[in-house]
Protein chains: 2
Amino acid sequence: MNFNKTTEEHILRIARNVFERKGFQGARMQEIANEAGINKSLLHYYYRSKEKLFHNAYRKAFESMIPDVREIFMGQKPIKEKIRLFADSYSRFLMQNPNLPHFVLHELNRDPESLLSIIKEAGIDPTQFIGQIKKEMEAGNIMPMDPRQLMINILSMTIFPFIAKPIIMPVLCGNDQEVYKQLIEERKKLIPEFFTNVMIKDDN
Amino acid sequence: MNFNKTTEEHILRIARNVFERKGFQGARMQEIANEAGINKSLLHYYYRSKEKLFHNAYRKAFESMIPDVREIFMGQKPIKEKIRLFADSYSRFLMQNPNLPHFVLHELNRDPESLLSIIKEAGIDPTQFIGQIKKEMEAGNIMPMDPRQLMINILSMTIFPFIAKPIIMPVLCGNDQEVYKQLIEERKKLIPEFFTNVMIKDDN
DNA sequence: ATATGGTTTAACCAGGTGGTTAATCCAAAT
DNA sequence: ATTTGGATTAACCACCTGGTTAAACCATAT
């Protein structure tokens, strides 16, 4: 066989795709071998077991989600800019990897422990970010609230529409792929506005 | 054996619990039988196949999520009240069924078609709700935006923290169950404030 | 007592699963 | 040309899975 790069990488790319669609339990080694156009034994030759093959694919998938998060956590930009950048780049990223959030969250539910090592390795630390938020809230640049809640809100509004696609598509988009895509597109602007262009009303 | 009610119901209750934790592919008929304290054949006696047993459990689980959604869709209350009510009751409901959203969304990804019949059966229709939103936005009761986006936002902010619990708990709550619970509790107030107590800043 | 019929069980089965093994292929080094 | 060693394959295996079957159980009706 002649693949783009090495067989090893080729396998991992295919495996990741299958795992993303079927999850660990749903994926079959034979299926991965078929899609990769190789013998099943080759999977075990390069990655000793299904568990190990999955672990590699999973880690790679998870890590691909991190850079943007790291930027918002650790970067030096003002908070408004961070949020705008995150909503925009993450939405675009997820549009190209639509079932990645569901995949990661599914396996995170299956094995919550596995997260710790990955986070450690990625060197993510929210404390600096939380400090920045507090400062900018006091300066009035952003709607005041618990910084943790702000993070949850941003992640929720960005990621959830992708996880819930099979329910949003038929109910709100008339099963039209383009309408859904347009809806996501609008959110890139809508989400940052939510946190930066608003203020508390003084009347009720 | 002497269960609360009939054996049939007992099986379904246990099955639903196992399915919620493991998903369709991850659950084993033997496991369900064990947890129910009965012979595996009994499962097939009452529910012909794993597929059918799952379908029953799944439908029941899904339907348990609907009443609150129906209220916000079809009810007659003012929008502010609807949102407050939804965030409050749904958060409480999810707190008691923590892995239900992930379960439903997971199976929805596995088989998106299955949703249609359930929604039809539940008789949910967003058009009336969307009309109401438009009217109340014009009256200035609520931040103006695409009604579909408003719905996505409310659902995102309410449901996502439960799906993402295994990542929120360690990163934002120091793995403390109580801290997480408190975080969710605060969101019951925080979420409605987001949509009702804010307005667009005119400067900037 | 015993016949009845829904309920429950133990034993079994075919097919699928991840994984192993030994043989073969094949390009590079000698 | 031969050797070498990684890459690749076909055949195989033990185990697990959902599902079947025939027998046993047991409360109720006769």
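Just so we're on the same page: letters track the sequence lines, and every chain starts at 1. Because the structure is a prediction, the values reported are computed rather than measured.
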From [atom1] of [X] over to [atom2] of [N], roughly how many Å is that when rounded to an integer?
| X | N | atom1 | atom2 | answer |
| --- | --- | --- | --- | --- |
| A:F54 | C:dG18 | CZ | P | 13 Å |
| A:L43 | D:dA7 | CG | C1' | 13 Å |
| B:K52 | D:dG19 | NZ | P | 9 Å |
| A:E51 | C:dT17 | CD | C1' | 14 Å |
| B:F24 | D:dT17 | CZ | C1' | 11 Å |
| B:E31 | D:dC16 | CD | P | 14 Å |
| A:H44 | C:dG19 | NE2 | P | 4 Å |
| A:Y47 | C:dG18 | OH | P | 17 Å |

Separation of [Y] [atom2] from [X] [atom1] (nearest 0.5 Å):
| X | Y | atom1 | atom2 | value |
| --- | --- | --- | --- | --- |
| A:I14 | A:E9 | CD1 | CD | 12.5 Å |
| A:E193 | A:R187 | CD | CZ | 12.0 Å |
| A:F86 | A:I79 | CZ | CD1 | 11.5 Å |

>> Consider ring-ring contact (aromatic ring centres under 6.0 Å, His included). Of A:F19, A:F24, A:F103, A:Y47, which one does A:Y58 pass it with?
In response: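 Exactly one option meets the ring-ring contact (aromatic ring centres under 6.0 Å, His included) with A:Y58, and it is A:F103.
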Do any side-chain atoms of residues 158-167 of chain B form donor-acceptor pairs under 3.5 angstrom with protein atoms, and if so which ones, sequence neighbours left out?
residue: B:T158; atom: OG1; partner: B:I154; partner atom: O; Å: 2.7
residue: B:K165; atom: NZ; partner: B:Q177; partner atom: OE1; Å: 3.0

> If every non-hydrogen atom of A:L42 is compared with every non-hydrogen atom of A:I11, which pair is closest and at what distance?
Replying inline: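 Nearest pair, atom of A:L42 first, then A:I11: O-CD1, 4.1 Å.
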> What closest approach, in Å, do B:R16 and B:N97 show between heavy atoms, and which atom pair accounts for it?
Replying inline: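 Nearest pair, atom of B:R16 first, then B:N97: NH2-OD1, 4.0 Å.
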N/O-N/O pairs, protein side and nucleotides 10-16 of chain C side, under 3.5 Å:
residue: C:dA10; atom: OP2; partner: B:N39; partner atom: ND2; Å: 3.2
residue: C:dA10; atom: N7; partner: B:N39; partner atom: ND2; Å: 3.3
residue: C:dA10; atom: N6; partner: B:S41; partner atom: OG; Å: 2.5

Which nucleotide, [options], lies nearest any side-chain atom of [X]?
| X | options | value |
| --- | --- | --- |
| B:S49 | D:dG19, C:dT9, C:dG18 | D:dG19 |
| A:Y45 | D:dT20, C:dT9, D:dA7 | D:dA7 |
| A:K50 | D:dG19, D:dT9, C:dG19 | C:dG19 |

>> For C:dT8 and B:Y46 - does any side-chain N or O of the residue sit under 4.0 Å from the phosphate oxygens OP1/OP2?
In response: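 Looking at the OP1 and OP2 atoms of C:dT8, one of them is under 4.0 Å from a side-chain N or O of B:Y46.
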>> Please evaluate residues B:E107 and B:R59 with respect to the criterion salt bridge (Lys or Arg N to Asp or Glu O under 4.0 Å), reporting the C-alpha separation (whole Å), side-chain torsions for both, the decisive distance (0.1 Å), and the verdict.
In response: CA-CA 11 Å; B:E107 301 305 332; B:R59 168 168 302 232; over 6 Å; no
>> Using five pairs at each end of the helix from C:dA1-D:dT30 to C:dT30-D:dA1 to define an axis, what is the angle between those two axes, to 10°?
In response: 10°
>> Under the criterion salt bridge (Lys or Arg N to Asp or Glu O under 4.0 Å), I'd like the reasoning laid out for A:E185 against A:K181: C-alpha separation, chi angles, the key distance, then a yes or no.
In response: CA-CA 6 Å; A:E185 194 63 33; A:K181 205 175 151 188; over 6 Å; no
> Contact class for B:A33 vs. all strands (heavy atom < 4.0 Å): base, sugar-phosphate, or nothing?
Replying inline: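 No contact.
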